[in-house]
Amino acid sequence: MKNEATLVIIKPDGLKKSLTGNILSRLSETKLKIIGAKVIQVNQDLARAHYHHLKEQPFFLELIKYISGELHGENRVMALIYWGTNAIGKVREIAGATNPEEADPVSIRGAYGRILTTGLFENVIHASSSDDEAEREIKLWFDPEEIVVDLYPAREGEMTKGNKRCWK
Ligand code: DAT
Ligand code: MG
């Protein structure tokens, strides 16, 4: 079996409810390796790019508010890359079904998720659903130097990228 990489996002509800430790403990049951991790604020562009496949859905705008923290007044998410054999399937299994009420009760979404009165699934974590999606998402959320394994071909860039800040 080949090694795979998969993107996990602990969404704003997970951080707001102080579930980060619990979720990381559950994910460690997979025995996969964390090869990248950071806490970031999700801007509109990233949110829309991440969920572009759902842009025709009636819940799209609320989903963007959810992942960007507007729904919870909590603009942090934790982004992680897990790596190892069958990483995508292993993480999807422990994450549980998209709908937290249909998810296995001992899965992460089954244990900690809920459905909002608006109907949006507040399901605590994101997990990549295929190899292609994982590559697209990891390249969207991480720069090559933030990952300790050379996952995909990269090129040398300029020392300072765009408006990226550096220490004084
Ligand atoms: P997943 O996150 O399991 O890959 P997805 O990519 O289809 O599922 O959807 C992304 C997010 O959108 C999901 O985590 C919660 C929300 N969502 C999906 N389908 C929904 C629905 N029918 N009603 C409300 N929210 C939904
Ligand atoms: Mg998905």
Side-chain angles (χ1 to χ4, degrees), residues 3-20 22-30 32 34-142 147 151-152:
N3 285 325
E4 293 173 341
T6 188
L7 180 75
V8 170
I9 310 291
I10 304 179
K11 299 181 184 182
D13 49 324
L15 278 88
K16 187 159 187 181
K17 292 177 176 173
S18 283
L19 290 171
T20 313
N22 305 49
I23 293 166
L24 294 179
S25 294
R26 295 302 315 280
L27 288 166
S28 70
E29 292 168 22
T30 62
L32 297 166
I34 297 173
I35 60 166
K38 59 183 176 179
V39 173
I40 62 166
Q41 298 179 345
V42 178
N43 64 32
Q44 288 286 313
D45 288 348
L46 177 56
R48 284 171 181 275
H50 180 71
Y51 282 129
H52 78 109
H53 61 294
L54 296 170
K55 61 178 184 298
E56 309 300 338
Q57 297 298 322
F59 55 82
F60 181 69
L61 285 182
E62 203 187 4
L63 184 59
I64 298 308
K65 285 187 182 163
Y66 173 23
I67 195 74
S68 63
E70 221 182 295
L71 278 192
H72 294 87
E74 168 59 80
N75 62 3
R76 294 170 303 150
V77 304
M78 187 170 212
L80 302 123
I81 304 169
Y82 281 85
W83 191 70
T85 307
N86 190 22
I88 294 167
K90 283 178 181 161
V91 172
R92 289 289 289 190
E93 186 173 355
I94 214 157
T98 306
N99 179 338
E101 287 196 357
E102 288 173 0
D104 184 327
V106 298
S107 67
I108 294 168
R109 288 164 163 183
Y112 301 128
R114 61 175 180 167
I115 301 183
L116 299 183
T117 49
T118 55
L120 187 76
F121 301 160
E122 191 187 81
N123 58 9
V124 193
I125 69 166
H126 166 81
S128 304
S129 56
S130 68
D131 224 4
D132 286 351
E133 274 297 278
E135 179 173 348
R136 186 189 77 81
E137 293 170 356
I138 288 167
K139 288 176 172 173
L140 189 62
W141 287 76
F142 282 85
I147 309 173
L151 289 180
Y152 314 114

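Just so it is clear, the structure is predicted and the values come from calculations on it, not from any experiment. All ligand and atom numbering here is 1-based and tracks the order in the structure. Only heavy atoms go into these numbers, but all of them, side chains included; no hydrogens, no water, no symmetry mates.
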Taking the six-membered ring of Tyr112, is NZ or CZ of Lys17 closer than 6.0 Å to its centre and within 45° of its axis?
no

Below 4.0 angstrom from a heavy atom of Arg92, which ligand 1 atoms are there? Numbered from 1 as shown, please.
1 (P), 3 (O), 4 (O)

I need the Ile34 CD1 to Ile147 CD1 distance, nearest 0.5 Å.
13.5 Å

Should Leu27 and Ile94 count as side-chain neighbours, where that means a heavy-atom distance under 4.5 Å?
yes

One thing to verify: whether Glu62 and Lys65 come together as a salt bridge, which I'm taking to mean a side-chain N less than 4.0 angstrom from a carboxylate O.
no

Does Arg109 have a non-hydrogen atom less than 4.0 Å from ligand 1?
yes

Atom 3 (O) of ligand 1 [closest protein heavy-atom partner, distance rounded to 0.1 Å]
Thr98 OG1, 2.5 Å

What class does the angle between the rings of His126 and Tyr51 fall in, given that below 30° is parallel, 30 to 60° is tilted and above 60° is perpendicular?
perpendicular

Ligand-residue contact atoms, ligand 1 with Lys11, heavy atoms, under 4.0 Å
14 (O)

Quick note on ligand 1: atoms under 4.0 Å from a heavy atom of Gly119 include exactly 23 (N), 24 (C)

I need the atoms of ligand 1 closer than 4.0 Å to a non-hydrogen atom of Leu120, numbered in the order shown.
24 (C), 25 (N)

At under 4.0 Å between heavy atoms, what of Leu63 touches ligand 1? The answer is side chain

Using heavy atoms and a 4.0 Å limit, tell me yes or no: is Gln57 in contact with ligand 1?
no

Any side-chain heavy-atom pair from Ile40 and Val77 closer than 4.5 angstrom?
yes

For residues Glu4 and Tyr82, determine if any side-chain heavy atom of one lies less than 4.5 Å from a side-chain heavy atom of the other.
no

When distances are taken from atom 13 (C) of ligand 1, the protein heavy atom at minimum range is Asn123 ND2, 3.5 Å

Among protein heavy atoms, which lies nearest atom 20 (C) of ligand 1, and at what distance?
Phe59 CZ, 3.3 Å

Enumerate the atoms of ligand 1 whose separation from the nearest heavy atom of Leu54 is less than 4.0 angstrom.
9 (O), 10 (C), 12 (O)

Using heavy atoms and a threshold below 4.0 Å, how should the contact between His53 and ligand 1 be classified: side chain, backbone, both, or neither?
side chain

Nearest-0.5 Å distance that lies between atom CG in Asp131 and atom OG1 in Thr6
9.0 Å

With heavy atoms of Tyr51 as the reference, note each atom of ligand 1 found under 4.0 Å away.
10 (C), 11 (C)

Can you tell which of Arg136, Glu137, Glu133 makes a side chain to side chain donor-acceptor pair (under 3.5 Å) with Ser128?
Glu137

Could you tell me the residue and atom name of the protein heavy atom closest to atom 23 (N) of ligand 1, and the distance to it rounded to 0.1 Å?
Phe121 CZ, 3.6 Å

